[in-house]
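Comments concern the structure below.
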Amino acid sequence: MEIRPIRNDEDHVAALREIERLWGAAPETEDGDKLDILVTLVEKYEDRRWSDADDSDPIDLLHYAIEELGHSQAELAELLGSRSRASELLNRRRPLTVEMIYKISEAWKIPADLLVRPSRVAA
């Protein structure tokens with residue numbers, strides 16, 4: 001992989017794959033240096049990409065991903081195993097579980113630490 005700026009989600013996914021391949025590379029080697037650079041680029045991209053999410057509630061973040069990032073409630077339902085579970089989650093009647101957080105984070109490339117936060121309860 002050629003190292004270049006991460007400008008979009010496709011670049012982000014490619015960089016994450018390369019980081020996974022290089023994980024454990026010895027420091028101060030060509031692969032170790034490449035790993036350090038890629039980690040720095042990914043962190044910068046994620047900070048910029050998710051900067052508005054820092055104060056967001058996880059459910060608000062899911063709504064943002066659906067409304068602005070091209071995901072859908074049907075896609076969320078498929079990840080979670082049922083339409084009713086996705087609906088309950090988005091309507092704040094069901095809390096996120098660790099398993100849900102993992103699945104959403106992996107599939108939608110949302111940093112898990114943004115999904116682990118407490119959610120507001122339904123009014």
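We're numbering straight along the sequence, starting at 1. Nothing here was measured: the structure is a model prediction, and the numbers come from that model.
Under the salt bridge (charged side-chain N to carboxylate O under 4.0 Å, His left out) criterion, no residue pair touches residues 64-87, with sequence neighbours excluded.
Rounding to the nearest 0.5 Å gives a distance of 10.0 Å between CG of Asp36 and CD1 of Ile19. For the atom pair Leu38 CG and Glu20 CD, the distance stands at 13.0 Å (nearest 0.5 Å). Distance check, rounded to the nearest 0.5 Å: NZ of Lys103 to CG of Leu76 gives 11.0 Å. One distance of note links CG of Leu114 with CD1 of Ile104; it measures 12.0 Å at 0.5 Å rounding. We find the CD1-OH distance between Ile110 and Tyr64 to be 10.0 Å, quoted to the nearest 0.5 Å. Atom-to-atom distance recorded for Gln73:CD and His63:NE2 is 8.0 Å, nearest 0.5 angstrom.
Only one option out of Asp47, Ile37, Leu16 pairs with Val42 in a side-chain contact (heavy atoms from CB on, under 4.5 Å); it is Leu16. Residue Tyr45 forms a side-chain hydrogen bond (donor to acceptor under 3.5 Å, both in side chains) with just one option from Thr40, Asp9, Asp11, and that option is Asp9. For the pairing with His12, the side-chain hydrogen bond (donor to acceptor under 3.5 Å, both in side chains) check across Arg17, Glu46, Arg7, Lys109 returns one residue only, Glu46.
Considering every non-hydrogen atom in both Gly32 and Ala25, the closest pair reads N-CB, 3.7 Å. Across every non-hydrogen atom of Ala86 and Leu80, the tightest pair is CA-CD1, 4.0 Å. Shortest non-hydrogen contact noted between Ser105 and Pro111 is OG-C, 4.1 Å.
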- prompt: Under the salt bridge (Lys or Arg N to Asp or Glu O under 4.0 Å) criterion, do Glu88 and Arg93 qualify, and how do the steps go?
  reply: CA-CA 5 Å; Glu88 289 171 343; Arg93 290 190 300 262; 5.6 Å; no
message: Using the rule given for salt bridge (Lys or Arg N to Asp or Glu O under 4.0 Å), can you reason through Arg92 versus Asp57, listing the C-alpha separation, both sets of side-chain angles and the distance that settles it, and then say yes or no?
response: CA-CA 11 Å; Arg92 300 178 188 278; Asp57 157 290; 3.0 Å; yes
message: Show, in sequence, the C-alpha distance, side-chain angles and deciding distance for Asn91 and Ser87, and conclude whether the side-chain hydrogen bond (donor to acceptor under 3.5 Å, both in side chains) test is met.
response: CA-CA 6 Å; Asn91 289 312; Ser87 179; 3.3 Å; yes
message: I'd like to know whether Leu35 forms a side-chain contact (heavy atoms from CB on, under 4.5 Å) with Trp23, so could you lay out the CA-CA distance, the side-chain angles of the two residues, the decisive distance to 0.1 Å, and finally the verdict.
response: CA-CA 7 Å; Leu35 177 62; Trp23 199 253; 4.0 Å; yes
message: Run the salt bridge (Lys or Arg N to Asp or Glu O under 4.0 Å) test on Lys34 and Glu30 for me, step by step, so that the C-alpha distance in whole Å, both residues' side-chain angles and the decisive distance to 0.1 Å come before the verdict.
response: CA-CA 6 Å; Lys34 189 175 185 180; Glu30 186 175 334; over 6 Å; no
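Residues Val13 and Ile6 fall into different hydrophobic clusters, defined by Ile, Leu, Val, Met, Phe, Trp and Tyr side chains chained together at heavy-atom separations under 4.5 Å. Under the 4.5 Å side-chain heavy-atom criterion for Ile, Leu, Val, Met, Phe, Trp and Tyr, Leu79 and Tyr102 are members of distinct hydrophobic clusters. Put simply, Leu115 and Val98 are part of two different groups of oily side chains (I, L, V, M, F, W, Y) that touch within less than 4.5 Å, one to the next.
With sequence neighbours left out, Ser82 forms a side chain to side chain donor-acceptor pair (under 3.5 Å) with Ser84. Annotation: side chain to side chain donor-acceptor pair (under 3.5 Å) contacts of Glu10 (sequence neighbours excluded): none.
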